[in-house]
Every structure is written in C-alpha cells, then in structure tokens.
Amino acid sequence: VDVEFDGLRASPGWKDRWEKAIVEASVGCPVPFYRHPVSSGNLIHQAYHLLAFETETGRDVRRFDLVIEFGGGYGSMCRLFYNQGFEGRYMLFDLPPFSALQRFFLRSLGLPVRDIGIFLRESPSIFCTSRMDEVREILDTGTPERKILFLATWSLSEAPMEIRDAFLGLATRFDGQLIAYQQTFQEIDNLAYFRKWKEGRDPGICFREFPIAHLPGNFYLFGFKQ
C-alpha cells in the first residue's frame with residue numbers, strides 16, 4: 001500500500017480528486033492507514049487500480065455510463081466511484097451473501113441502492129445481483145451509445161470456468177475492461193487463460209497486459225475500444 005499511496009500522491013489529480021475520494025467512512029470500523037489516517041489500505045489499493053487503468057488507457061472511469069463489477073466485496077469500489085463524482089449506474093454481481101452485504105454497506109452510506117426496475121430508469125443508481133439473467137437484461141436495456149466498463153479485481157480469476165466464460169462471452173458489449181489477477185489459482189494457469197481469451201477478440205479493442213511490479217505474480221489486463 002505504501003507504493004500505491006505514493007503513486008496516488010504523485011499523480012496530477014491528487015489534490016483535486018484522489019485525496020478527497022479516498023476519505024474513509026466509519027461504517028465497518030476500517031483500520032486507518034498509518035501514513036494517511038483519514039483513509040484505509042483497502043481504499044487506497046482500489047484507487048490505485050483506477051489510476052493505473054486511466055494512466056495506461058487515457059480513459060477516465062468517471063466518464064462511463066455503466067459499470068459492471070464482478071465480485072464486489074463489501075461494496076468499497078462502488079463507494080469509491082461515487083466518492084469521486086461518478087453519476088452513472090453501477091451493478092455488482094456476486095454470491096447472494098455478498099450481495100446482501102453490499103446492499104447493507106452502500107445503503108449505510110446513503111448511496112442509491114435500487115431494485116432492477118428503478119435501476120434501469122434512473123441514474124445514478126446501484127444494483128446488486130447474483131443472477132446472470134438480470135445482467136443480460138441490464139445489458140440489453142439502454143441506448144447504443146452508452147459506455148460500459150467491466151471491472152474484476154482478483155475475482156474473475158478465482159471463479160469457476162463456466163462463470164468466467166459466461167461473463168467474458170459478453171465482452172463485446174464492454175467499452176472498457178479493468179481486470180487484475182494472480183498468475184495461478186489452484187490448478188489454473190490464469191496467465192495462459194487470459195492470453196488465450198484475448199486471441200481473436202474484436203480488433204477494435206486494444207489490450208494492455210503487464211505485471212504489477214510491487215505485487216509479484218500478479219497482473220493487470222486493461223482493455224478499451226479505440
């Protein structure tokens with residue numbers, strides 16, 4: 001986290017954006033980061049992913065209309081988006097217990113968690129689900145010009161193959177992809193998996209894949225439509 005905090009502080013947007021965005025809430029009693037007690041290691045870690053994506057792709061995550069996060073933890077990344085002025089829709093896909101936790105956490109912060117009907121009509125709004133049919137409904141409902149970001153940090157790379165393939169099968173619908181993964185998980189070679197998946201993708205999508213220098217054995221995979 002020291003490396004990531006230094007990266008955020010050195011970025012041009014530190015004062016106007018990141019310093020405010022990583023201020024923690026009291027919900028859940030997060031442990032303060034020793035060098036910046038108003039924040040936490042987890043929130044700084046997540047902000048660094050967004051900074052890395054934007055630095056590498058030139059795409060501002062706040063400019064997407066819809067974010068689909070696979071495996072949202074307790075909802076911290078979603079909270080971070082709205083902390084920095086995101087005004088779009090945010091959908092979290094996870095196991096049912098985590099969806100319940102996300103709804104509790106995000107509502108505790110006063111964020112607009114909605115049912116699917118309101119989510120499809122109003123923005124900003126947040127929707128937590130464990131159902132693939134609802135993911136497809138959300139993708140099928142909306143204007144063609146909206147921009148969609150897919151986000152999965154150390155979650156897709158731990159999922160069963162059929163779930164991975166189902167989500168990555170929707171990749172042509174995404175305008176941006178922010179994926180972080182470990183090289184191996186159990187018996188799965190994730191490096192080989194994601195590299196094979198990239199083969200034959202739409203030539204209009206540009207990929208950037210590189211090791212995370214301060215986290216040996218872990219990689220970023222960023223994709224964006226040119």
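This one's a predicted model, so the numbers in the text were calculated from it and none came from an experiment.
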- Determine, step by step, whether Met77 and Leu92 satisfy the side chain to side chain contact (heavy atoms under 4.5 Å, CB included) criterion, reporting the C-alpha distance in whole Å, the side-chain angles of both residues, the deciding distance to 0.1 Å, and the verdict. CA-CA 10 Å; Met77 179 67 88; Leu92 301 98; over 6 Å; no
- Decide if the gap between the ring center of Trp14 and the ring center of His36 is smaller than 6.0 angstrom. yes
- Item | N-O pairing of Asp6 and Arg35 below 4.0 Å | yes
- Item | Side-chain (Asp65) to main-chain (Lys147) donor-acceptor, under 3.5 angstrom | yes
- Message: Could you measure the distance from the CD atom of Glu158 to the CD atom of Gln182? Nearest 0.5 Å is fine.
- Response: 4.5 Å
- Item | Heavy-atom side-chain contact between Cys78 and Leu106 under 4.5 Å | yes
- Task: For the pair Leu221 and Lys198, evaluate side chain to side chain contact (heavy atoms under 4.5 Å, CB included) and give the outcome as yes or no after the intermediate values.
- Result: CA-CA 10 Å; Leu221 173 60; Lys198 286 189 302 177; 3.7 Å; yes
- Message: For Phe70, give me all partners under ring pair (Phe, Tyr, Trp, His ring centres under 6.0 Å), at least two apart in sequence or on another chain.
- Response: Phe93, Phe167
- Task: Check the hydrophobic clustering (I, L, V, M, F, W, Y; side-chain heavy atoms under 4.5 Å; chains of links allowed) and say if Val113 and Leu66 are grouped together.
- Result: no
- Query: Quick one: does Phe86's side chain get under 4.5 Å of Val61's, heavy atoms only?
  - Reply: no
- Note on the structure: Of all heavy-atom pairs linking Phe98 and Gly73, the shortest is CD2-O, 3.4 Å
- Query: Are the side chain of Ser157 and the backbone N or O of Trp154 linked by a donor-acceptor pair below 3.5 Å?
  - Reply: no
- Query: Going by heavy atoms in the side chains, are Ile205 and Gln177 under 4.5 Å from each other?
  - Reply: yes
- Can you see which heavy atom on Thr172 is nearest to which on Lys225, and at what distance? O-NZ, 3.4 Å
- Student check: side-chain heavy atoms of Leu170 and Ile68 closer than 4.5 Å: no
- Message: Please verify the inter-ring angle class for Phe222 with Phe210; under 30° counts as parallel, over 60° as perpendicular, anything in between as tilted.
- Response: perpendicular
- Item | Single-linkage hydrophobic cluster, 4.5 Å side-chain cutoff, Val135 and Tyr90 together | no
- Message: Looking at Tyr181, is its backbone amide N or carbonyl O close enough to the side chain of Asn190 to form a donor-acceptor pair, meaning the two atoms are under 3.5 Å apart?
- Response: no
- Atom pair CZ (Arg9) and CH2 (Trp18), whose distance is rounded to the nearest 0.5 Å: 15.5 Å
- Taking every non-hydrogen atom, the tightest pair across Arg79 and Leu111: CA-CD1, 4.1 Å
- Query: Does Ile148 share a hydrophobic cluster with Phe119, counting links as ILVMFWY side-chain heavy atoms below 4.5 Å and allowing steps through other members?
  - Reply: yes
- Message: For Ser155 versus Gly71, what's the shortest heavy-atom pair and its separation?
- Response: CB-CA, 4.1 Å
- So, do Ile126 and Tyr82 sit near enough that their side-chain heavy atoms are less than 4.5 Å apart? yes
- Supply the atom-to-atom distance Leu43 CG to Glu24 CD, rounded to the nearest 0.5 angstrom. 5.0 Å
- Parallel, tilted or perpendicular, as decided by the 30° and 60° cut-offs, for the rings of Phe53 and Phe64: tilted
- Query: So does Asp115 pair up with Arg103, basic N to acidic O under 4.0 Å?
  - Reply: no
- Message: Do Arg164 and Tyr193 form a cation-pi contact, if we require the NZ or CZ to be under 6.0 Å from the six-membered ring centre and within 45 degrees of the ring's axis?
- Response: yes
- Message: If I compare all heavy atoms of His214 with all of Tyr48, which pair ends up nearest, and what's the gap?
- Response: CE1-CE2, 3.6 Å
- Hey, does the side chain of Gln183 reach the backbone of Phe219 with a donor-acceptor pair shorter than 3.5 angstrom? no
- Query: Is the count of non-hydrogen atoms from other residues, nucleotides or ligands lying under 6.0 Å from Glu87 atom CD greater than 12?
  - Reply: no
- Should Ile212 and Ile179 be counted in the same cluster of Ile, Leu, Val, Met, Phe, Trp and Tyr side chains packed under 4.5 Å apart? no
- Spacing of CZ belonging to Arg17 relative to CZ belonging to Arg62, to within rounding of 0.5 Å: 4.0 Å
- Task: Say whether, by atom type as modelled, one donor and one acceptor occur between the side chain of Arg173 and the main chain of Leu139 under 3.5 angstrom.
- Result: yes
- Answer yes if Ile116 and Met132 sit in the same cluster of Ile, Leu, Val, Met, Phe, Trp and Tyr residues linked by side chain heavy atoms under 4.5 Å apart, and no otherwise. yes
- Distance in Å, Leu51 CG paired with Ile44 CD1, rounded so as to fall on 0.5 Å steps: 12.5 Å
- Task: Assess whether atom CD of Glu187 is packed by more than 12 heavy atoms of other residues, nucleotides or ligands within 6.0 Å.
- Result: no
- Item | Point-to-point distance, once rounded to the nearest 0.5 Å, from CG of Leu178 to CD of Glu69 | 9.5 Å
- Query: What's the shortest heavy-atom distance between Leu80 and Gln46, and which atoms?
  - Reply: CD2-C, 3.8 Å
- Item | Polar side chain donor-acceptor pair, Tyr74 to Asp94, under 3.5 angstrom | no
- Message: Side chains of Thr153 and His45, heavy atoms from C-beta outward: is any pair under 4.5 Å?
- Response: no
